[in-house]
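Chain A is the first sequence line, chain B the second, and so forth, proteins listed ahead of strands; every chain is numbered from 1.
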Protein chains: 2
Amino acid sequence: MLASDNHDIRQLGLFEKLSDTHFSALMRGAYVQNFPPQIELITEGEPSDFLHFVLSGAVDLFSSWNGRETSMATVRPLSTFILAATIRNAPYLMSARTLEKSRIVLIPSQDVRAIFDADGDFARAIVAELAQCYRSVIKAQKELKLRTSLERLANYLLRQQKQAGGGPVFELDFEKRRLASVLGMTPENLSRALKGLQHYGVAVDGMRVTISDQTDLDRFAKPNPLIDDFRT
Amino acid sequence: MLASDNHDIRQLGLFEKLSDTHFSALMRGAYVQNFPPQIELITEGEPSDFLHFVLSGAVDLFSSWNGRETSMATVRPLSTFILAATIRNAPYLMSARTLEKSRIVLIPSQDVRAIFDADGDFARAIVAELAQCYRSVIKAQKELKLRTSLERLANYLLRQQKQAGGGPVFELDFEKRRLASVLGMTPENLSRALKGLQHYGVAVDGMRVTISDQTDLDRFAKPNPLIDDFRT
DNA sequence: CATATTAATTGATAATTATCAAGCGAAAGT
DNA sequence: ACTTTCGCTTGATAATTATCAATTAATATG
């Protein structure tokens, strides 16, 4: 593990207030690994042996049932994943695979739980993180149950636009087949839905999206902070 | 607030390990109220002034967007709701209404946050609770994205059967129109889906469900602990 | 650079799910 | 007991979404 890795990990809200003693204790058993793309890091149902931390690259969290598969979320640096399973010492509910070449820190779950038991501030930091995650999933579920696929796509574009700086031209942040899966639709449907949004001033060329009529798209998408805001 | 209320609240894992001092501090500003059915207790988007605790009755958590509405979950005694909003001091993501005559404790959010800051054990109890909630929503999302409405209904019946003791005859635990909303379908569709499950040995009479061919239903529903188990 | 592979698109069709309208039936109120 | 209300059901139809097959575009590989 490099010194810069340590520094990066320290950045995260989760470890910010940790005493140096406890932080060292956590890092003692931790190790860093570089993975090529498309490597399955964890499989749902397995015991949660490590808390994972993404230093660089990107990780897809997905789930399967009865031969079907769906992308649940994408984890980007710098953040952890499967914190809830680690803390509860419960099996993973989702599988994870690298989307790109990724640098991942693996922290033994038992160490995390030990520091959690010993350090109230760490426990409080975990609360903040979990509450955030919980609210994100609630928002995702609201979107799934209240919006059609075209509406989900429109709102996704608006969120993506905002994150990219708010300008009329921006890039999709992952390939369309996974975007389709994240939005709960098939790739074919996404392709047609993107065409359908042409009526509202959306033009797509490969990964590049241009929103020519912002008002029109806004009026159709009806974004709502209680579904679309990352903050709240 | 009655002495028995205090006792009931103490039962909950969240408050179990709290010192008497901290528990009293929490209860000092709390008050209990009895509500008739169909009363809106909180509205999504409002600031989270109180942590709510259901002593008896039942509460529906629901959300709206663009004139549509969906039931997200049902809270039954003894448990809290909107813990995440309280802790993050963020607006509610869901509205809540009583389903039946209900007895609810309201604990000022600022008091909860104060004890949370002062008491590491309380923070740890909140972690356990939030991690549990998080995992429940993840399971719900997996179910929504991976299963058709007929499959969701079949698995709901199996879960309900298990909870009712596992026998072949049991009762639905809420009215069909809300069940439909919880399962992400229309009441009309639920009605037809219940008929569709006759092929798999399910008979419904009002709220009473009879599963005559368990093997057949199991084979169709394909329940999975990573979606259907309340525990894990 | 040519070729192999994979992703994206398109068309045709089927399955799923929702909407609208009407009727039935149980429960609540008078 | 009567009526009113509301939830549930059923039928007909429409909208949404998925599947299958084929083609095109883009990317990777030797």
What integer distance in Å separates [X]:[atom1] from [N]:[atom2]?
| X | N | atom1 | atom2 | value |
| --- | --- | --- | --- | --- |
| B/Lys176 | D/dT10 | NZ | C1' | 13 Å |
| A/Phe174 | C/dA8 | CZ | C1' | 16 Å |
| B/Lys195 | D/dC8 | NZ | C1' | 11 Å |
| A/Glu175 | C/dT9 | CD | P | 12 Å |
| A/Arg177 | C/dT5 | CZ | P | 16 Å |
| B/Gln38 | C/dA28 | CD | P | 13 Å |
| B/Leu179 | D/dG7 | CG | P | 15 Å |
| A/Leu190 | C/dA7 | CG | P | 14 Å |

Can a cation-pi geometry be assigned to B/Arg178 and B/Phe174, taking NZ or CZ under 6.0 Å from the six-membered ring centre and within 45° of the ring axis?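 The answer is yes, since B/Arg178 meets both limits relative to B/Phe174.
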
Please say whether the positively charged group of B/Arg97, taken as NZ for Lys or CZ for Arg, lies over the ring of B/Phe62, i.e. under 6.0 angstrom from the six-membered ring centre and within 45 degrees of the axis.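 Yes, B/Arg97 sits over the ring of B/Phe62.
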
Ring-plane angle category for B/Phe50 and B/Tyr31, please: parallel below 30°, perpendicular beyond 60°, tilted otherwise.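 The arrangement is perpendicular - the two ring planes meet at more than 60°.
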
In the 5'-to-3' direction, what one-character label does each nucleotide of nucleotides 12-21 of chain D receive under the scheme B = base within less than 4.0 Å of a protein heavy atom, S = sugar-phosphate only, - = no such atom? B----SBBB-

Are the side chain of [X] and the backbone of [Y] linked by a donor-acceptor contact shorter than 3.5 Å?
| X | Y | result |
| --- | --- | --- |
| B/Asn155 | B/Glu151 | yes |
| B/Arg103 | B/Gln33 | no |
| B/Thr98 | B/Gln38 | yes |
| B/Lys142 | B/Leu226 | yes |
| A/Gln161 | A/Gly167 | yes |

Can you figure out which of D/dT10, D/dC8, C/dA8 approaches the side chain of A/Met207 most closely?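 Of D/dT10, D/dC8, C/dA8, C/dA8 is nearest to the side chain of A/Met207.
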
Protein-nucleotides 22-24 of chain D N/O pairs closer than 3.5 Å?
none

For nucleotides 25-27 of chain D, print each protein N/O atom paired with a nucleotide N/O atom at under 3.5 Å, atom names and distance only.
none

Please evaluate residues B/Ile87 and B/Val112 with respect to the criterion side-chain contact (heavy atoms from CB on, under 4.5 Å), reporting the C-alpha separation (whole Å), side-chain torsions for both, the decisive distance (0.1 Å), and the verdict. CA-CA 8 Å; B/Ile87 284 299; B/Val112 176; 4.3 Å; yes

So, applying salt bridge (Lys or Arg N to Asp or Glu O under 4.0 Å) with B/Lys162, which one of B/Asp228, B/Asp229, B/Asp218 is it?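 It is B/Asp229, the one option of B/Asp228, B/Asp229, B/Asp218 that forms the salt bridge (Lys or Arg N to Asp or Glu O under 4.0 Å) with B/Lys162.
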
Rounded distance (nearest 0.5 Å) linking atom CD of A/Glu143 with atom OG of A/Ser149: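 Between atom CD of A/Glu143 and atom OG of A/Ser149 there are 11.0 Å.
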
